[in-house]
Engineer: 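So that we are looking at the same thing, I have put the structure below in structure tokens.
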Amino acid sequence: MIEIKNLTKSFGDLLVWRDVSLTIQDGETTAIIGRSGCGKSVLLKHLNALMYPDEGKILIDGKSVFDLSYTELRKVRQRFGILFQGGALFDSISTFENVAFPLRYFTDQSEEEISHNVNEALTMVNLKDSGSKSTAELSGGMRKRVGLARAIILKPDYLLYDEPTSGLDPRTSGEINELIVNLADTMDITSVVITHDMHSVLSISDKVAFLDEQKLSWFGKTDDMKHSDNKNLMDFITASEYQINKQTA
Amino acid sequence: MISAIRELRIAGGIREFGRYGQLLYQALRSSTEFSTYRKNLFHEFVKVGYESIPIIFLVGIFTGAVMTLQTAYQLDTDIYPSTIIGSIVVQSLIIELAAVISALVLAGKVGARMSTELGTMRVSEQIDALEAMGFNSVSFLVVPRIAAGILMFPILYTTAAVFGILGGITAGAVDGILPVAEFMEGGRAFFFESDIIFGIIKSFVFGFVITSIACYKGYYAFGGAEGVGNATTRATVLSCIFVLLADFILAALLL
Ligand SMILES: Nc1ncnc2c1ncn2[C@@H]1O[C@H](COP(=O)(O)OP(=O)(O)OP(=O)(O)O)[C@@H](O)[C@H]1O
Ligand SMILES: [Mg+2]
């Protein structure tokens, strides 16, 4: 369980958000939505202390992440997999080696086991034959999928996705959404997904957190979202639906 | 108004120096995690050391050659024996030129590469990705680069000095100013082992200054491609300034 308590973050004079509190239960998938620049990525990076807040704390299974020593923090971080917004692949090594990277450093698996596990992960993200490619040869969508394969390779307890479907065609987006749901079910992973895409939200998430006006404007079950009296949230949904209709029209 | 801006700048400078110190402290502490950076260390040895030899060769040869021709020109009277040209060239190369000129060239070659690499890794979230996996990114990225700097620069300095002397000898002989034997005799007359040690200490310090500033600027780069460009420019300029400053301080302290 991840409990975010009264988190406030600013960069110099720029307040990103203030007093954000929410709880992520084990096994749930939580979507974080909001306009571009509202601080979704920043919030995600607080969960495993890649960034530190001005105030507030985050408890993971009751332990405060920001108070851990670096050694303890590194252990906690290994329970997380992250898919970064641009994939964040290491560009000095091949696709296969990117996915194998955590295995090489954090396990003592044999070359055969590594090869087997990497191929399994690449198959899961539909990139079975791309292992030998250099990362420069991958398209944006492929980079994301390789990033995802790398994020799940150590079978994490928590998976954080930073815009897994943005910039992808509807079909690939759909596949990734399916993958997120599958991973959550089969590997029993607790997921936090940042997205702009209402389609994704509706098809994958149990709960939704809406960041707006420098605070957590709405938090609740996905099913309750449509009946909310939060005007900005309704506008956000309507704008997305308008987009969706325009695309399909 | 102006004094307020100046105060802001000084405060910014102090803050920046504090962050630089912190990064170095972290690097020192994580230098015990040898298994994390072993592979990268050998890679950096090759990049910093081996791949710099051609440029250092050129720097050495030309510095020595030009130095010989110009010293001969400046001392073109009958007051001094011509062997003194050899003495001046060899000693200047060993004490100063081989170390400083190679450092300034390497600030452009080695330093710029390091800050661009780390800066790109920072803005494309690769450093975050390393940290997120539970990696110590400082140990993985910064330690091997600084280590390669302090270990390889003395070797490169020695290379520059040797080729500088060879360049001097060749230029003197080809130009007919000074036969090889006389150059050698002059060089030997004022050759002190302590000068070489001084040069090695200098190059060690320069290696540290250049790589640590480059890593610092790259590691904390922000703001996309432009941010990486800024980080690299700042790293190169700052390295050159601090190399010259360190050169002065070492001369004042050790000579
Ligand atoms: N390292 C940083 N230093 C300074 N400001 C930052 C930093 N990271 C983010 N910001 C600022 O914080 C705000 C929130 O950024 P963030 O990346 O979280 O937005 P986002 O909601 O993820 O947007 P998008 O949907 O476009 O990815 C932005 O105004 C951004 O400029
Ligand atoms: Mg973002």
Side-chain angles (χ1 to χ4, degrees), chain A residues 11-12 41-42 44-52 68-93 97-108 135-136 143-144 146-148 150-154 156 158-163, chain B residues 8 11-12 15-16 19 22-23 25-40 42-44 46-47 113-114 116-145 218-220 222-225 227-228:
Chain A
F11 291 107
S41 299
V42 170
L44 203 71
K45 286 183 186 169
H46 279 75
L47 296 182
N48 56 355
L50 289 176
M51 284 184 177
Y52 284 77
L68 297 176
S69 73
Y70 189 55
T71 320
E72 293 170 314
L73 177 61
R74 287 167 69 184
K75 291 226 179 67
V76 171
R77 280 177 176 168
Q78 288 179 22
R79 297 178 58 196
F80 284 84
I82 294 204
L83 171 58
F84 286 91
Q85 201 158 353
L89 302 182
F90 304 129
D91 41 29
S92 55
I93 53 181
E97 286 302 323
N98 261 282
V99 184
F101 194 87
L103 293 177
R104 287 204 194 289
Y105 280 95
F106 295 117
T107 69
D108 37 42
T135 56
R143 295 178 73 84
K144 284 196 172 158
V146 175
L148 185 53
R150 187 178 67 187
I152 58 176
I153 195 83
L154 287 179
Y158 303 103
L159 252 178
L160 314 178
Y161 302 84
D162 197 344
E163 303 197 6
Chain B
L8 268 177
R15 189 157 356 106
E16 193 154 0
R19 263 201 326 174
Q22 251 175 11
L23 184 71
Y25 174 67
Q26 247 177 299
L28 191 67
R29 274 189 41 165
S30 49
S31 61
T32 50
E33 296 183 29
F34 186 64
S35 61
T36 315
Y37 62 83
R38 189 186 59 227
K39 259 198 217 150
N40 289 359
F42 289 110
H43 180 73
E44 288 300 322
V46 172
K47 283 281 195 191
R113 173 184 64 84
M114 288 184 181
T116 311
E117 262 173 14
L118 295 196
T120 307
M121 290 189 74
R122 167 62 74 191
V123 302
S124 62
E125 298 184 307
Q126 292 177 51
I127 293 183
D128 281 331
L130 280 172
E131 284 285 331
M133 286 175 190
F135 251 90
N136 182 340
S137 62
V138 173
S139 165
F140 192 69
L141 300 171
V142 176
V143 172
R145 284 175 169 78
Y219 192 82
Y220 289 113
F222 60 92
V228 178

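Predicted model, so just to flag it, every value in this text is computed and none were measured. Convention: sequence-line order gives letters A, B, ...; per-chain numbering from 1.
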Engineer: Between B:F140 and A:F90, does the ring centre distance come in under 6.0 Å?
Structural biologist: no

Engineer: Got a second to check how far B:N40's CG is from A:S92's OG, nearest 0.5 Å?
Structural biologist: 8.0 Å

Engineer: Please classify the contact between A:R79 and chain B as side chain, backbone, both or neither, with a heavy-atom cut-off of under 4.5 Å.
Structural biologist: neither

Engineer: So, taking the atom named CG in A:D162 and the one named CD in B:E125, what distance separates them when rounded to the nearest 0.5 Å?
Structural biologist: 6.5 Å

Engineer: A:L50 and B:E131: which non-hydrogen atoms are nearest, and at how many Å?
Structural biologist: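 Scanning both residues, the minimum pair turns out to be CD2-CB, 3.6 Å.
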
Engineer: Given the options A:D91, A:N48, A:L154, which has more heavy-atom pairs under 4.5 Å with chain B than any of the others?
Structural biologist: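 The option with the most such pairs is A:D91.
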
Engineer: Name the region of A:K45, side chain, backbone, both or neither, that has any atom closer than 4.5 Å to a heavy atom of chain B.
Structural biologist: side chain

Engineer: With a 4.5 angstrom heavy-atom cut-off, is it the side chain or the backbone of B:I127 that approaches chain A, or both, or neither?
Structural biologist: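 No part of it gets close to chain A.
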
Engineer: Can you say whether B:S30 sits under 4.5 Å from chain A via the side chain, the backbone, both, or neither, judging by heavy atoms?
Structural biologist: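 Neither part, no heavy atoms under 4.5 Å.
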
Engineer: Using ring centroids (six-membered ring only for Trp), state whether A:F11 and B:F222 fall under 6.0 Å.
Structural biologist: no

Engineer: Counting heavy atoms not belonging to B:F34, are there more than 12 under 6.0 Å from its CZ?
Structural biologist: yes

Engineer: Does a sphere of radius 6.0 Å around CZ in A:R104 hold more than 12 heavy atoms from other residues, nucleotides or ligands, not counting ones at 6.0 Å or beyond?
Structural biologist: yes

Engineer: Indicate the atoms forming the closest heavy-atom contact of A:F84 with B:A129, along with that distance.
Structural biologist: CE1-CA, 3.4 Å

Engineer: What part of A:L73 gets closer than 4.5 Å to chain B, counting heavy atoms only: side chain, backbone, both or neither?
Structural biologist: neither

Engineer: Of the backbone (N, CA, C, O) and the side chain (C-beta and beyond), which part of B:E33 lies under 4.5 Å from a heavy atom of chain A, both, or neither?
Structural biologist: side chain

Engineer: Can you tell me how far CZ of A:R77 sits from CG of B:L130, rounded to the nearest 0.5 angstrom?
Structural biologist: 11.0 Å

Engineer: Please evaluate residues A:Y105 and B:M133 with respect to the criterion side chain to side chain contact (heavy atoms under 4.5 Å, CB included), reporting the C-alpha separation (whole Å), side-chain torsions for both, the decisive distance (0.1 Å), and the verdict.
Structural biologist: CA-CA 10 Å; A:Y105 280 95; B:M133 286 175 190; over 6 Å; no

Engineer: Over 60° means perpendicular and under 30° means parallel, so classify the ring planes of B:F135 and A:F101, tilted if in between.
Structural biologist: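 Judged by the thresholds at 30° and 60°, the geometry between A:F101 and B:F135 is tilted.
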
